[in-house]
Amino acid sequence: MSVAGINVLVEETRALAAGKAPAKTLLAVRGVSTYYGSVAALRDVDLDVTEGEIVTLIGANGAGKSTLMMTIFGAPQAREGTITYDGRDITRLPTHEIARLAIAQSPEGRRVFPRMSVHENLQMGAALHDRRYFAQDLERVCALFPRLKERLTQRAGTMSGGEQQMLAIARALMSRPRLLLLDEPSLGLAPLVVKGIFDAVRDLNRRDGMTIFLVEQNAYHALKLAHRGYVLVNGRITMSGTGRALLADPAIKAAYLEGGHGAPVEV
Amino acid sequence: MAAATRGADGLTGILKDAAIYALGAFALCVPVVSFRTDAGATGGLELTPRWVLVAGLCAAIFLARLAQRLVLMRRDARRALRPSRSQATEAVSGTPNAGQRVSMLALWLFIGVALTLPVVAALASGSLGEGRYWIDLGILILTYVMLGWGLNIVVGLAGLLDLGYVAFYAVGAYSYALLSTTFGLSFWICLPLAGLFAALWGMLLGFPVLRLRGDYLAIVTLAFGEIIRLVLINWVDVTGGGAGISSIPRATFFGIPFTAGEDGFAARFGLTFDSMHRVVFLYYLILALALITNVVTLRLRRLPIGRAWEALREDEIACRSLGINTTTTKLTAFALGAAFGGFAGSFFAVRQGFISPESFNFLESAIILAIVVLGGMGSQVGVAIAAVAMVGGPEMLRNLGFLKSIFGQGFDPNEYRLLLFGLAMVAMMVWRPRGLISERTPSVALGERRAISGAHVSEGHG
Ligand SMILES: Nc1ncnc2c1ncn2[C@@H]1O[C@H](COP(=O)(O)OP(=O)(O)OP(=O)(O)O)[C@@H](O)[C@H]1O
Ligand SMILES: [Mg+2]
């Protein structure tokens, strides 16, 4: 943990030394605890996402990753602590109002609207948006996921899992978010598709400057992609640092990289 | 080859299967049908055996099962021989499929028949008066079509199971009845008011049930419907209690009464007085109300609010995280559905001239809901067809006199209404579990859709 902490410091000092102004913190989670009934799912979580970054959160099943993601979105709300977005306290805001602050989410389990067509799903994603931008945004997400382009009139529920995942991400993108939250976008997908999705995420970040918060089981890919990462264990953040530093950390290697779900898959 | 062998040993198998069904039917018939009990002269029970009837029923079931199996076998064989030509992984085209075209056609057919019904009825039976039965039946069916379309907003589009819809029908009816008898307001002023009151009650119901879904929502709405009915029965000072409200003012032609006098409708328009004018007017009134309901629903489906309803039905959590305020979305669905129920209610009151809580019991809610479910949740055409079948169907039973020659003189088809109703339900759920028209038409306009698929489909593949 200390190693990782030092790493962050080193990076920041380096940035300062290079004369770059430190980028602004877009999302700040401070001392957040979330409960389901009387059971704590998150305990005293601190987390920052800086503008223009890809930040990943890794952790075992049931660690509380999705809970953190949903807490940022206000359902369930944090019982303790504060969540600030772009300088504004959003801890007690209802979900739909948070969504209006240019935060978009591709939730766990995709949650596309199954009886609606792909096109209508994308329209729902742009529901808050000026309709003028729709054609342009549609073009953009279709370029990102050409597969969707062919299937605009298909019912979303009849698409394959991977296609639905693409749709969930594309739908989130339709609102032109500043901050994009992705919950396990690689779940259940073939390695080639995973690579496609991760490439798309990288593109969004590098080319469009979108800030991305990525929850992943696929620790190897996620850490390789992300600028920084956090590790969640039993509802607590136990480690954080640059993606590279975390990848090299022996504890992480043992827990999340060797064998099992997060094993590196070269494609 | 496989199909051939299956066909050969299939035939005996099918016969055996049908025989087993007939045997099952026989076993059921023995205790239920085979003896008729009558109170004898001595006061004891007399048993009349009815073995012919039992044999007839068993034979019917045997043949029905046989026919079903044979049809299924041929269909399977056909499918096995002819593989589907299009591959699932191919791109999907934007043109409407056969199902959607058929349902468009059906909608226009329905509107055409509905518009011309009074004329056709009059011509077919000689005069307007003779055709009254058909026009009255038309009014009844259209009332249910309208109620079905109204409830369709809540259940079909927004996915909120409402078992107490009749409450809003009652609110509308009592609004008109009370406003017109107490304050002497005319129907045309009361109609929007009735809709407004019903919408308010819809919101009132909406608030406590915002967090509920599925079974729990159904139970609360069911209770709500009962509460309204019980209030109507017990608040005697205002509602007249179980005796109801009578001598409700009749409908006027936008202020001109349908009377024989100088100022009457007939005199003003230079017609000879006919009491049927009022009935025909009522017919077109409910037709207009129903069509308005339909047009409003179809238009709303394309607007953000209609989309939001459908998205709500599909996935509430996803809805919220896309920035949709689910609270207002639900409340508008309840309010709008209720408003249409209220309109239909005030129409009911003006048509009957008398209302009582009797007319607003749970069975009504159940019938309206059955119309929506049978129609295929969310399909406007399906609801119209289902209303015709559910309301018109039982009426047809009256005309099945020939059945008496089969089942004996004592047979009254009307007594079997509920049985047939149940059978129809079971059959529907077996063969078309998603309703008559289960195909959901995308709300995106066709032109727009084609333009988009044209622009994208041709470029790259995956
Ligand atoms: N709605 C809920 N009610 C009660 N407990 C819940 C609820 N949702 C999650 N939990 C519990 O909270 C804990 C964290 O769940 P969460 O879904 O956040 O895990 P996760 O890290 O996303 O796991 P996975 O990698 O499997 O998706 C788990 O122990 C889970 O059982
Ligand atoms: Mg999760």
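Note that the structure is a prediction, hence the values are computed from the model and not measured. To find a chain, count down the sequence lines: A is the first, B the second, and so on, and within it residues start at 1.
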Review point. In this structure, which one of A:His221, A:Glu216, A:Gln217 forms a side-chain contact (heavy atoms from CB on, under 4.5 Å) with A:Ser186?
Key: A:Glu216

Under 4.5 Å heavy-atom distance to chain B, tell me which part of [X] shows up: side chain, backbone, both or neither.
{"X": "A:Met70", "value": "side chain"}
{"X": "A:Phe73", "value": "side chain"}
{"X": "A:Thr95", "value": "both"}

Review point. Out of A:Glu163, A:Met124, A:Arg110, A:Glu97, which one racks up the most heavy-atom pairs below 4.5 Å with chain B?
Key: A:Met124

Point to revise | Pair A:Glu108 + A:Lys65: basic N to acidic O under 4.0 Å | key: no

Check your understanding: Any donor-acceptor pair under 3.5 Å linking the side chain of A:Tyr230 with the backbone of A:Asp48?
Key -> yes

Review point. Between B:Trp149 and B:Phe110, how do the two ring planes meet: parallel, tilted or perpendicular, split at 30° and 60°?
Key: perpendicular

